[in-house]
Amino acid sequence: MSKSINVTVWSEYRHEKSHEEVARVYPKGMHEAIAEGLRAYPEYSVRTATLDEPEHGLTQEVLDSTDVLTWWGHMAHHEVSDAIVERVRQRVWAGMGLIVLHSGHFSKIFKALMGTGCNLKWREANEKERLWVINPGHPIVAGIEEYFELPHEEMYGEHFDIPAPDELVLVSWFEGGEIFRSGCCFTRGAGKIFYFRPGHETYPTYFDANVRKVIGNAVRWAAPNGNHEPIRGNVKPLEIIRS
Ligand code: ZN
């Protein structure tokens, strides 16, 4: 099969350098674990980009040739340049897909696209997460059972301050009792956005087969559909206006 979807996996790549616990779980960096899952799809052409590269690895050229961008950030959201956030937002409006992972809920780009605070409840207690498929016909959960579990994750709880998603695909339940909208679809301009909750840096979540399947499906869902970019602004009439 020809490579038809260009994916750029972006990660801040800081915890891995400063926290031994994280480096043990993700010795090549979280971006490499996410990219590895996507490289299993022959039709995806996958590259990575990280915060400390020039322009965070997201030059105009890279973004222009990206169909779907995945985003993991946490401790250094504030270090992402506003100019690059704007560049990413423009690309989403023009049709690039964006998959925002876990603590990316507080990234500048997610907040800019949502227009809300994006805050939530959290707890690090090594607890079980059960993710329920609540939209079984949705392409993002193709091949996923009724639910799947992650034995150890950070808890994120409602209320999650996002606009009502266009489609809600997954809801998480946590051992401590909270629930969370953990698979949310949005559109902004011509671009599709998927927020996917799991992925705390101290757990091997991005090696989990179900998590990889959801991200892999989400890439296909979020990829541009080939539609013409909408024409806006002042236009000539299509018909002769006689009145
Ligand atoms: Zn976390």
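Remember, it's 1-based here, ligands and their atoms both numbered in the order they're listed.
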Mind checking whether the Zn ion (ligand 1) has an N, O or S of E201 under 2.8 Å?
no
Taking it one step at a time, do E154 and R123 satisfy salt bridge (Lys or Arg N to Asp or Glu O under 4.0 Å)?
CA-CA 6 Å; E154 178 183 18; R123 170 175 64 238; over 6 Å; no
Flag if over 12 foreign heavy atoms under 6.0 Å of CD, E145:
no
Could you check whether R89 pairs with E86 (Lys NZ or Arg NE/NH1/NH2 to Asp/Glu carboxylate O, under 4.0 Å)?
yes
The Zn ion (ligand 1) - name of the N/O/S atom of H200 that sits closest to it:
ND1
Charged N-O contact under 4.0 Å between E153 and K128:
no
For the Zn ion (ligand 1), which N, O or S atom of E154 is at the shortest distance?
OE1
